[in-house]
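The structure appears below as structure tokens.
What's counted below: heavy atoms across the whole structure, side chains too, no hydrogens, waters or symmetry copies.
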Amino acid sequence: MKPLILCLISIILSLPCDALWAQRPDRRNAPQGRRIEPDALDFEMGVGHIPDRETFERLSYQGPEVSRDAYLANLEFVKFVIDKQDPNHHKVYFMNTENHRGHPPWMRMVGINSRERGAITYLPRLLNPSGTAGLYIIDFQPNDSYGFEDIQRIQNLLIQKMPLLEGRVAFHPLPGNLARYQQEKEKYEKAKLAVHLDTDLYRNIAFLPLNNANSFGRLRIMEANDRPSPQDIVIYRTLPNQMPRVAGVITEMRQTPLSHVNLRAVQDQIPNAYIKDASGQAEIRALDGKLVQYQVTPRGYRIQPATRSEVDRHLRNLRPKKSQSPPRNLAIEEIQPLDQIEFKQSDSFGVKTANLATLHRVKLKEGAVPDGFGVPFYFYDQFMQHNDLYPEVDRIGALADNGAEPDVLRRELSGLKNRIEEGDMPNWMMKALAETQQQFPPGSSLRCRSSTNSEDLPGFSGAGLYDSCTHKPDEGHLANSIKQVFASLWNVRAFEERQFFRIDHRQSAMGVLLHPNFEQEQCNGVAVTDDILYETEGNYYVNTQPGEDMVTNPDQDSSAEEMLLGWYDRDGQEIIRESPDAGAGGSLLNDGQIKELREALGRIHYDFEKRYQPGEGEPFAMEIEFKVNRKGQLVIKQARPWVFSSNGEATNGNR
């Protein structure tokens, strides 16, 4: 008997769960207690009608506690049940999914039994059938399989009870329904019934939250040459490379989160998003030129009318209450090679110089970090004193403090920059720069890069505020190029940013990072040692542009390659958005370059995390600018801490 018993146990254990349940009455979904009609439900249980987006949000759940429905984790969804007890009048129940996540126990409480049950999930980033941002998808149990006619019937019924689905909904076939959908695909296409597949995850994106924030200001649809004010919420077709401080940003073409403009949006706590055809949407165009509240969240965006008092109060609350004095150490009086500059000497050379120097101490492939020199703040300070320019700095600062008009400040700053560029450089400084220039091979083209004490800091990137320049061999002495970099400390956009953050202008200082210029490079890229856009686990986020087109300051019509690069070789990589300059499905980087970049990112993150020592639970990532030179070698040209939003969150909200 024993072998027979073991055989029976083996057979039973091998049966699928559905087969086991089929052998007895379905007690899992059996109604218990009094039947409750949809419109008689308490809101804490659910509703029979969803009239608007706000109601959907109140009913929805978004988080990790999804039990067996792992595919719904961290997505915003509401579960539903179709009751077909009366074959001539099917009823819709929308569950309060914030309170109840499982269909069977909820149905027992309501007193109904149904197999037609699923979830409505909101994907704020994706294009809907109406051509705007925000797609709702309907799916059922992972192993369920419904025919086209049933899907069409259920969708029409759901639209009746949730009108905002009209023109914004698609059927999402899960694994059990995929084969049947493929067989009936022509029916869906003929009926124009939209379908969303898992492979559409990064396609047809119509909304991207580059920085989640809430702001108030005047909405303005901008032309290329229009200049915004700090109170403007601007709508551009493409993101300008240089932009003064604004209250919010919208672009109608996709941005990269690694642009200088977005880094400043994160730093300044202003909302920034890509919204497809924003200026063409009637509800947005109607608010052009009016005061609005503009909010960007992982769940979508909101633009609505606001009052003058709301705008003024918001701007007052954003600005720091106390003045700030950036560190400026003038004790180092000589130009030094990068391999002799230490991480802690950023107060003498600027963070850009000190961090590039620190990369020489990270175990990277030989030649991956350029050699060069750092010109300390002492040179800038002595130049300003030699030309008696500090009184001019104080005078312009006083004008700003007393509320001078923007045009007046722009004119005054332009005059100061001219005086710096035309100023006299002391003989000892001329000699020191000439001797440094001679350290490079004859005929070298040199890159002179700004490196201040008011940028690349944790919590303040200062990205794009200052200028760098290339000194060509036929331009002779370095002096004029160095003075151009000095003068950029007084760019309008830099002055306005320091003024808003109450950073002491007199204490601000400019250093210069010198290294050979890169020419005819194969591509340029920026990477962050975390996925700061899609928030996947275990990936680096990488943007790459072909040739000399910069990711941080892209051309207007640039389309950067987006890649999620796994932390480890075994995790591989995924191209989210292809570059038109790469082959179909390919990358601008070859396999060897991808492998080297992955290793470099890991080493850089680990080394700098130890140096910056973020607090427990505080997010940390490094942003790295890199090039592939004309010989195909990967070169790291900059490393700085990524500035997270004030709550430490990145964007989210896509499947």
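One N or O on the side chain of Arg598 and one on the backbone of Gly572 form a donor-acceptor pair closer than 3.5 Å. Using modelled atom types, no side-chain atom of Ser444 and backbone atom of Leu446 make a donor-acceptor pair closer than 3.5 Å. Side-chain atoms of Asn211 come within 3.5 Å of backbone N or O of Ile270 as a donor-acceptor pair. Between the side chain of Gln593 and the main chain of Gly632, a donor-acceptor pair closer than 3.5 Å is present. No side-chain donor-acceptor contact under 3.5 Å links Ser450 to the backbone of Ser468.
Here the side chains of Leu588 and Asp581 are in contact, with some heavy-atom distance below 4.5 Å. Side-chain atoms of Ser587 and Met563, non-hydrogen and from C-beta on, do get closer than 4.5 Å to each other. Looking at Lys483 and Phe383, their side chains come closer than 4.5 Å, going by heavy atoms from C-beta outward. With contacts defined as side-chain heavy-atom distances shorter than 4.5 Å, the pair Ile396/Phe495 qualifies. Side-chain contact between Pro370 and Phe518 is present, with heavy atoms from C-beta onward closer than 4.5 Å. Side-chain contact between Arg447 and Pro516: absent, with no pair of heavy atoms (C-beta onward) separated by less than 4.5 Å. In this structure, the side chains of Ile482 and Tyr380 stay at 4.5 Å or more apart for every pair of heavy atoms. Side-chain contact check for Lys637 versus Phe626: every heavy-atom pair is 4.5 Å or farther apart.
Within 6.0 Å of the CG atom in Asp474, the count of heavy atoms belonging to other residues, nucleotides or ligands exceeds 12. Heavy atoms of other residues, nucleotides or ligands lying less than 6.0 angstrom from CG of Asp591 number 12 at most. Around the CZ atom of Arg502, the shell of radius 6.0 Å holds more than 12 heavy atoms that belong to other residues, nucleotides or ligands. Remark: Lys610 NZ is packed, more than 12 non-hydrogen atoms of other residues, nucleotides or ligands lying under 6.0 Å away. Summarising the local packing, NZ of Lys631 is surrounded by 12 or fewer heavy atoms from other residues, nucleotides or ligands at distances under 6.0 Å. For Tyr390, the OH atom counts as densely surrounded, since its 6.0 Å shell holds more than 12 non-hydrogen atoms of other residues, nucleotides or ligands.
Salt bridge status for Arg611 with Asp607: present, with a side-chain N to carboxylate O gap under 4.0 Å. One finds no salt bridge joining Arg218 and Asp232 here, because no Lys/Arg side-chain nitrogen approaches an Asp/Glu carboxylate oxygen to under 4.0 Å. The pair Arg577-Glu561 does not meet the salt-bridge criterion, since no charged nitrogen lies less than 4.0 angstrom from a carboxylate oxygen. Between Glu599 and Lys363, none of the side-chain N atoms (NZ, or NE/NH1/NH2) sits under 4.0 Å from a carboxylate O, so this pair counts as no salt bridge. Between Glu252 and Arg237 there is no salt bridge, since none of the side-chain N atoms of the basic residue sits less than 4.0 Å from a carboxylate O of the acidic one.
Going from atom CD of Glu496 over to atom CG of Leu413 covers 8.5 Å, rounded to the nearest 0.5 Å. A distance of 9.0 Å separates CD1 of Ile575 from CG of Leu564, quoted to the nearest 0.5 Å. Here OG of Ser445 is found 8.5 Å from NE2 of His471. Values are rounded to the nearest 0.5 Å. In this structure, OG1 on Thr251 lies 9.0 Å from CG on Leu208, to the nearest 0.5 angstrom. The distance from the CD atom of Glu623 to the NE2 atom of His605 is 14.0 Å, given to the nearest 0.5 Å. The distance from the CG atom of Leu634 to the CG atom of Leu589 is 8.0 Å, given to the nearest 0.5 Å.
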message: Run the side-chain contact (heavy atoms from CB on, under 4.5 Å) test on Leu258 and Trp642 for me, step by step, so that the C-alpha distance in whole Å, both residues' side-chain angles and the decisive distance to 0.1 Å come before the verdict.
response: CA-CA 10 Å; Leu258 307 182; Trp642 174 260; 3.7 Å; yes

task: Please assess Glu342 against Arg361 for the test salt bridge (charged side-chain N to carboxylate O under 4.0 Å, His left out), listing each intermediate value before the final yes or no.
output: CA-CA 9 Å; Glu342 299 181 7; Arg361 296 170 174 81; 5.4 Å; no

Derivation of the side-chain contact (heavy atoms from CB on, under 4.5 Å) call for Leu356 and Val369: CA-CA 8 Å; Leu356 190 66; Val369 182; 4.0 Å; yes

- prompt: Which is it for Asn539 and Thr536 under the side-chain hydrogen bond (donor to acceptor under 3.5 Å, both in side chains) test, yes or no, and what are the steps along the way?
  reply: CA-CA 6 Å; Asn539 287 311; Thr536 59; 2.8 Å; yes

- prompt: Given the rule in the side-chain hydrogen bond (donor to acceptor under 3.5 Å, both in side chains) test, do Gln255 and Asn272 qualify, once you have shown the distances and angles that lead to the verdict?
  reply: CA-CA 10 Å; Gln255 313 173 29; Asn272 181 20; 2.9 Å; yes

From CA spacing to verdict: salt bridge (charged side-chain N to carboxylate O under 4.0 Å, His left out), Lys472, Glu475: CA-CA 6 Å; Lys472 299 178 181 178; Glu475 292 183 289; over 6 Å; no

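Judged as a salt bridge (charged side-chain N to carboxylate O under 4.0 Å, His left out), the pairs with a partner in residues 366-385 (not counting sequence neighbours) are, in order, Arg328-Asp381. Residue pairs that meet the salt bridge (charged side-chain N to carboxylate O under 4.0 Å, His left out) test with at least one member in residues 484-494, sequence neighbours left out, are Asp467-Arg493.
Donor-acceptor pairing under 3.5 Å is lacking for the side chains of Gln507 and Asn453. For the residue pair Tyr541/Asn543, the side-chain donor-acceptor check at 3.5 Å is satisfied. At a cut-off of 3.5 Å, with distance as the only test, no side-chain donor of Tyr534 or Glu574 sits close to an acceptor on the other residue. Side-chain atoms of Asn491 and Ser488 include no donor-acceptor pair closer than 3.5 Å. Defined by atom type and a distance below 3.5 Å, a donor-acceptor pair is missing between the side-chain atoms of Asp504 and Ser325. In this model, a donor atom of one side chain and an acceptor atom of the other lie less than 3.5 Å apart for Arg449 and His515. With hydrogens and angles left out, the side-chain atoms of Asp388 and Gln385 include no donor and acceptor closer than 3.5 Å. When only modelled atom types and interatomic distance are considered, Tyr540 and Gln573 share no side-chain donor-acceptor pair under 3.5 Å.
Taking the ring centre of Trp490 as origin, the terminal cationic atom of Arg419 falls outside the region bounded by 6.0 Å and 45° from the ring axis.
Across all non-hydrogen atoms, the minimal contact from Ile503 to Pro326 is CG2-CD, 3.8 Å. Taking all atoms of both residues into account, the shortest heavy-atom contact from Arg316 to Lys321 is O-NZ, 3.9 Å. Heavy-atom minimum distance, Pro271 versus Ala247: CD-O, 3.6 Å. Ala479 and Met425 get closest at one heavy-atom pair: CB-SD, 3.8 Å. Closest approach of Ala434 to His477, counting heavy atoms only: CB-NE2, 3.7 Å. Nearest heavy-atom pair, Gly367 versus Val635, reported as atom, atom and distance to 0.1 Å: O-CG2, 4.1 Å.
Two rings, from Phe377 and Phe349, have their centers 6.0 Å or more apart. Taking the centre of each ring, Trp428 and Phe379 come in below the 6.0 Å mark. In summary, the aromatic rings of Phe620 and Phe608 are positioned with their centroids too far apart to meet the 6.0 Å limit.
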